[in-house]
Structures are given as structure tokens and as C-alpha cells.
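Okay, so here's the structure we're looking at.
Numbering starts at 1 and runs along the sequence shown.
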Amino acid sequence: MATTDRMMPGAAGSAADAHDPLRPDALRRRYERIRNQRGGWEALWQDCYDYSLPARRPNNLGGTANRVSERLFDATAADAAEQLAATLLAQLTPPWSRWFAFQPGRDVPQEQRGVMASELDRAAELLQAQFDRSNLAVEIHQAMLDLVVAGTACLACEEAPLGEPSAFRFSAVPLTDLALDESGSGRIDIVFRRQELSLEQLGQRYPALENQAWFAARRQREPDARLGVLDCLLPAPAPRHGYLFATVLEDGTLDEAASLLSVGRFEQAPFIAFRWLKAPGEVYGRSPVMKALPDIKTANKVVELVLKNASIAVTGIWQADDDGVLNPANVKLVPGAIIPKAVGSSGLTPLSAPGRFDISQIVLDDLRGRIRHALLADQLGQINAPRMTATEVMERAAEMARQLGATFGRLQSELLTPLVMRSVAILQRRGEIPRFALDGREVALVQKSPLARLQAQGDVQGVLSWLQQLQALGPAAMQVVDSVAVARWLGRTLGVPGEFLIEAGEAPADTGGGLPQHLTQNLAQAAPQLQQMLQQLAGAQQTAGAVQ
């Protein structure tokens, strides 16, 4: 972890305090206890990675992934898992596109909202520019793969050193390095990350080690040695807020002062752990690959049997008389081969197979269909299918939003909001954006991702349908419509930049805070055209998501 956004040793309390939660021996014991609790998940994770993402399996050492790939015969799960991870990236945090916004909170006076909205838009643009220059898109895609396959993922968000293109440095933390737990808040806010670092890496990351005698002696005695290092993140005890952080060596032979490499406190958690879904009483999440794992294993076995049957059909099964002349070990079934046989013997005779395997294709198609459905790979249909209408695209998008509703809510709570709050805290500390409280009262965080806009488009269609019905009732019914408020609400809901909107206290004096009656009627008359434009826009967005 970088030290640029962390208090230095001693800021979180003395390590000699017997009640200090950051004592190295206490942290090691706590890590071992939490690490043992995840033992029951490791076999399940292993199967999920073996059958859907062998290149990212938890204990991927040496050529293990290649050996696992030799046992794989069906790539349906791997293809669907990558498609779902790409879809989540495009629907939640699309690269080079603003997927969040800051708006004045509910406690901000109306007369201040206009100026504040413009300042918040500039802050959001600066934050998005920092995201675009960072490695967020690369690392969050790797985290999404872990989420789809194992149900739990972790993204580390560190402050980059000054002079880097971006203020952020992200990394997807493998499950094999993590031990996670909940503190009672319902979120994963206890994170242990274990790494093995060389002595050279330790010296570069923690320069103070160069002045310690044990480190110099160890480097001279074992220059190629690697030591286990624990990064420990714990919620700060009440009444304090934030998170306590410590880095300790796993070597229990060292005294506490030597094994404690750094200690400090974060305003926002640098490790962001999130889950697909979770069962009550469980810490780690469950994934769509886990749900489809029986079908995935069965499909893999069916393809293996089909290939064995195909090899038999190609090469055949033969029998021969043991006449002392024909040696089956020397027989090669190739075109133009001459196989000697004794006079009067039958030579090689093909042996018919005991049965046929034609039913396998029916079974395999059914299994593959269930796998793709479980991993949401069939929501937009095939690319080479006849072109879908805008209405069909809207309906399919609504179905995907319905199926991902619970997952999207969890990801918004466990990933998107902590990610933005952590990034805002870093930029505020560096003085690049003004300080504000992202608590909903002073400033509210609004999701603007494509998946969130699907819900917004449904709300807009409801308002436009209401305007059409009011117009059918006549001019008297249109008197209840505040057209300026409707236009302002449409702008906010559809993600129009704040500088394009005139707030209520800033309306031009000659309008009296509203629009003429004929403009109000024109707004209602334009409702069908606006609805058609929304459908076309949704169709374009969903088609782009499918291509990605």
C-alpha cells in the first residue's frame, strides 16, 4: 500500500498497548482464524475456476492452468462468464463515460442549488478524468470476472505518487490472497491481504527496514528469501470513524516493533470487497457460475464422451485372429497400408460399436442453453439474428434490469458508492476538488450508469404518458402542469449537465417562473415523439452493450 494517503506509524496508537487491535500478534491470530473459516469455500471456488476461468484459478502456480485446460472439453461456461463480466462493466462502470453524478443534497437551500450544481459537475468531470487516465477499466474487469465466477471480488484503490498520470492506482486482489469478515454492519469491512515479497521489494517499500540489524543480516544470509506480509484493514472502534490499517510480517520470531511495518488510519477503505449475492449467515458471496456448476460439469462430460465416440467412429474397433503372423502392434490404419495375414485367416475385422450417441446433441443443446441462461448470455439474443425492434430491445433490457435488480443494488452499495467515496477522499486530500460531505444531505451521489438509466427511462415514459392523457382532457387539465418543473425534472432524470438547467430561484423574470400556455400544450403534444426517441436510444445502448 502507498503511504501517501495514510498516517505514519504511531498515529493509531502504540503497538505496546495490550488492548491495541493493531498489535502484530493479535492481527496474526485474527488472520489465521478468519483464514480457516474460508476453508469450506476453497474446493467450490476451485471447481468454478477450473470449469469457467482456468487461467484465473485461485492456486494457479506454474503450468497448472495448462493441465486443467487439457481436461476441459466445453467452453460454453468460459465464454458466457466473460460475456457477463463485460456486460457488467459496460452497464455499471462504462469506460470513458460518466457513470455517476453529484447533486446538491436535500439540506441545500433552493437559492444555492444553481451555483452548487455547476461546481459539483466540474468536480464529477475531474473525477471521471482521473478514472479515465487510471487503470480502473482494466482492473475492475478482472474483479468482475472473479465476481461472476466465485461470487466475491476485491478491488484495491490506492493513491498514486505525485507525478503519475492519475491520482489512483487500482488492482484486483485475487481470492487466494484474501481473508474477509463482517463486523456487524452487513458489509465486508475486515480485510486481510497476504503477499509474499522479496527482501529487495520490502526494502523498497519500507525504507526504514534498511536500518534494522535483523533485516541486513537476513539479506546477507538469504538474499533470495521471500517473507509473508499481511495488510490488515479493520473498522475503527466507536466513537471514531474510518478504518485502521496495519502491515505486519508473518514471521513470529521477530519482536513486535520489528514485525510492525506500518500503521495508520484511512477515512475510506482502500480495499473494496463486493459480492454477487449472499446467503444469511455467510460472509462470502455466491455466483451465477455456482448455480450453473452442475450443468457445466455435465456438459463438459457429455462433450468428452462425444469426442471419445467420434474417435471410435473415425478409427473403429477391430478384431483379428491370433495366427502368429498378424501383429496388431505393427498395424497402422492409414491410406495405402498393406496388412499381411496368414492364408485362410480373416485378418482384421471391424467390430461394431454397442450403441449410438445421437441423443447426446439434444442433451448438450439443453445443457448449454441452461448455462447461457444462468449467466445471462441469452438476454440480447444472437448477433446474427434478425434485427430486433426498439420495443423488443426495451423489453429485453427491462428483463435484464429485473434479473439484475438485486445484484445491481448490492453492487451499488458495496462497490460503486465506496469506490466513488474513496476516490473523492483522495482528491479532496490532494486539493484537486473542493471539500464536501457526500452524505445525501449536503451532496448526493447519483448513479448514471446505463443500467441505472433504464429505470430513469421508465420513469420518463410514465410522465410523458401522463402528459398525453392530460392533453386529451383539454386545456383545463393542462393548467395543473408546471411545465418548467417538468422540463427541469426531465433534464435531471435523463442526465443533462447542470449548467444547462435554470434552477427554480433563477428563472428569467419575464417568464414568471413558468412557460406560456401554448408551450405547455406543445410539451404534451411532443410526448409521443419523445417516447419514440427514448426507445431508439435504449435500443442503441443495448446494442452497444451486446457488442462490447
Exercise answer: donor-acceptor pairs, residues 137-144 side-chain atoms, under 3.5 Å, sequence neighbours excluded:
{"from": "Glu139", "atom 1": "OE1", "to": "Ala172", "atom 2": "N", "distance (Å)": "2.8"}
{"from": "Gln142", "atom 1": "OE1", "to": "Arg56", "atom 2": "NH1", "distance (Å)": "3.1"}

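Listed by chain and number, the residues in a side-chain hydrogen bond (donor to acceptor under 3.5 Å, both in side chains) with Arg30 amount to none (sequence neighbours excluded). Here Phe215 pairs with nothing under the ring pair (Phe, Tyr, Trp, His ring centres under 6.0 Å) rule; sequence neighbours left out. With sequence neighbours left out, Arg33 forms a side-chain hydrogen bond (donor to acceptor under 3.5 Å, both in side chains) with no residue at all. Applying the ring pair (Phe, Tyr, Trp, His ring centres under 6.0 Å) rule to Phe274 yields no partners; only residues at least two apart in sequence or on another chain are considered. Applying the side-chain hydrogen bond (donor to acceptor under 3.5 Å, both in side chains) test to Arg441 and every residue at least two apart in sequence or in another chain returns Asp439. Every salt bridge (charged side-chain N to carboxylate O under 4.0 Å, His left out) that Asp295 has, sequence neighbours left out, goes to Arg370. Under the salt bridge (charged side-chain N to carboxylate O under 4.0 Å, His left out) criterion, Arg219 pairs with Glu210, sequence neighbours left out. Contacts of Ala213 classified as side chain to side chain contact (heavy atoms under 4.5 Å, CB included), with partners at least two apart in sequence or in another chain: none.
Counting heavy atoms from C-beta on, the side chains of Thr152 and Leu147 never come closer than 4.5 Å. The closest side-chain heavy-atom distance from Trp99 to Gln91 is not below 4.5 Å. Put simply, the side chain of Val191 does not reach to within 4.5 Å of the side chain of Val173, judged on heavy atoms.
Listed by first then second residue, pairs satisfying side chain to side chain donor-acceptor pair (under 3.5 Å) with a partner in residues 276-293 read Glu282-Arg286, not counting sequence neighbours. Pairs engaging residues 87-109 under the salt bridge (charged side-chain N to carboxylate O under 4.0 Å, His left out) rule: Arg98-Glu125 [sequence neighbours left out]. For residues 411-445, the set of pairs meeting the ring-ring contact (aromatic ring centres under 6.0 Å, His included) definition, not counting sequence neighbours, comprises Phe102-Phe436.
No option in Arg35, Arg194, Arg28 other than Arg194 meets the salt bridge (charged side-chain N to carboxylate O under 4.0 Å, His left out) test with Glu250.
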